[in-house]
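This report concerns only the one structure given below.
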Amino acid sequence: MTEVQHLLAIDDLGEDFREILQWAIQFKQDPDTDYDFKPLDELSIGCIYEKPSTRTRVSFEVGIHKLGGQALTLLKGDIQMGKSESIADTGAVLSRFLDGITYRCFGHDMVTTLAESATVPVINALSDEHHPCQAAADLMTIMERNPTLEGERVAWVGDGNNVLHDLMLACAMLGVDCTWAVPKGYEPSKEVVERATLLAEKSGAKLVQTHDPVKACKGASIIYTDVFISMGEEHLTDKMSDFDGFQVNEALVSHAKSDYGFMHCLPAHRGEEVTDAVIDSANSIVFDQAENRMWAQMSILTYLCNPAAFHAYKELY
Ligand code: CP
Ligand code: NVA
């Protein structure tokens with residue numbers, strides 16, 4: 001039996017990452033493909049959510065439909081998993097019906113446990129540690145503006161969280177410089193930074209950690225932020241005051257290139273991590289980024305669940 005490929009963190013896509021993004025950009029631009037190309041025909045993808053979602057849920061459901069497949073959204077509370085059945089047993093059982101599984105969970109070990117027992121591809125739809133589908137859409141959005149990615153420098157301002165982890169890995173994979181400014185005590189995982197550093201050594205990307213948002217934003221082509229309190233951290237109300245000075249506002253973005261792009265994975269807490277003036281400005285590309293969740297995931301699903309179709313489509317452009 002060939003080994004099943006999962007997507008638990010963005011570096012699982014290895015050398016094929018750039019091609020997966022190029023495929024997504026091509027597919028988005030191709031007016032005929034919605035009608036002619038159905039690589040998920042007869043395939044069923046189960047989408048499990050233990051946390052709320054707007055973008056991930058809708059983009060997976062619509063994207064799977066466009067590719068000719070069937071999406072089954074399985075909400076926590078409606079299925080046995082975590083109550084009367086283990087994650088591992090659920091992975092084994094669902095693999096007998098489904099051709100792929102997406103899973104939004106709390107601890108990252110939950111999605112790795114599911115992947116270990118599943119015999120079909122498992123895609124992490126956000127865990128406390130990683131959000132690979134977001135990073136794929138993010139780099140796709142940057143690549144749409146600049147196909148070679150040359151000269152890009154991404155500045156992250158905010159928490160050292162799941163979204164930053166995959167963003168820095170994705171930048172490191174593609175040779176894009178990335179600086180993250182986080183308050184002391186909110187640094188990203190050392191283990192993820194080590195992985196990103198190894199990838200950056202190969203690609204030539206420059207990775208920098210700072211506690212100074214102005215330093216991060218100076219000359220940046222992209223400024224990216226996310227909520228200061230992530231899902232599952234709602235009880236950590238004291239955390240907010242540690243982010244004083246980390247709001248992305250007009251004063252901070254004035255240090256970036258004049259044509260910088262403002263990015264946010266959304267949902268945004270306007271007035272906290274970003275002001276209306278920035279997120280509603282002409283530099284904001286947050287809604288392109290949201291739309292690209294769907295195109296990037298369509299490419300990933302085709303790559304993982306029907307690799308022959310992925311390569312066949314690639315031959316056409
Ligand atoms: N960015 C993102 O994952 O959004 P949702 O929580 O709405 O899925
Ligand atoms: N860091 C946020 C991202 C939401 C898409 C969270 O985990 O809640």
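No experiment lies behind these values; they were computed from the predicted model shown. Remember, it's 1-based here, ligands and their atoms both numbered in the order they're listed.
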*Salt-bridged, E144 to K28, with N to O below 4.0 Å?*
yes
_Part of R57 with heavy atoms under 4.0 Å of ligand 1, whether side chain, backbone, both or neither_ = neither
_Which residue and atom name correspond to the protein heavy atom nearest atom 4 (O) of ligand 1, and how close is it?_
R55 NE, 2.8 Å
*Going by an N to O cut-off under 4.0 Å, is there a salt bridge joining R104 and E50?*
no
*Please step through side chain to side chain contact (heavy atoms under 4.5 Å, CB included) for the pair F97 and L72, ending with a clear verdict.*
CA-CA 11 Å; F97 304 120; L72 293 92; over 6 Å; no
*Atom indices of ligand 1, in the order listed, that fall short of 4.0 Å to a heavy atom of H131*: 2 (C), 3 (O)
*Looking at L266, which atoms of ligand 2 are within less than 4.0 Å of one of its heavy atoms?*
5 (C)
_Looking at D159 and K239, is any side-chain nitrogen of the basic one under 4.0 Å from a carboxylate oxygen of the acidic one?_
yes
*May I ask you to list the atoms of ligand 1 that are less than 4.0 angstrom from any heavy atom of T54?*
5 (P), 7 (O), 8 (O)
*Backbone, side chain, both or neither: what part of R104 comes under 4.0 angstrom of ligand 1, heavy atoms only?*
side chain
_If the contact criterion is a heavy-atom separation under 4.0 Å, does I229 count as touching ligand 2?_
no
_Under a 4.0 Å threshold between the charged nitrogen and the carboxylate oxygen, would R293 count as salt-bridged to D138?_
no
_Is it the case that ligand 1 has an N or O less than 3.5 angstrom from some N or O of M231?_
no
*What protein heavy atom sits nearest atom 8 (O) of ligand 2, and how far off is it?*
M231 N, 2.7 Å
*For ligand 1, is there an N or O atom under 3.5 Å from any N or O atom of C265?*
yes
*Would you call D280-R270 a salt bridge at under 4.0 Å N-O?*
yes
*Identify the protein heavy atom lying closest to atom 3 (C) of ligand 2, giving its residue, its atom name and the separation to 0.1 Å.*
D226 OD2, 3.6 Å
*Judging by distance only, is a nitrogen or oxygen of S230 under 3.5 angstrom from one on ligand 2?*
yes
_Return the closest protein heavy atom for atom 7 (O) of ligand 2 as residue, atom name and distance._
N162 ND2, 2.8 Å
_Less than 4.0 angstrom from a charged side-chain N to a carboxylate O is my criterion; do E194 and K190 meet it?_
no
*Are L13 and V120 co-members of a hydrophobic cluster defined by side-chain heavy atoms under 4.5 Å apart?*
no
*asked:* At under 4.0 Å between heavy atoms, is it the side chain or the backbone of L126 that contacts ligand 1, or both, or neither?
replied: neither
*Answer yes or no on whether K51 is positioned over the face of F106, meaning its NZ or CZ is under 6.0 Å from the six-membered ring centre and within 45° of the axis.*
yes
_Nearest heavy atoms of T197 and L207, plus distance in Å_ = N-CD1, 3.9 Å
*In terms of residue, atom name and distance, what is the protein heavy atom nearest to atom 2 (C) of ligand 1?*
R293 NH1, 3.3 Å
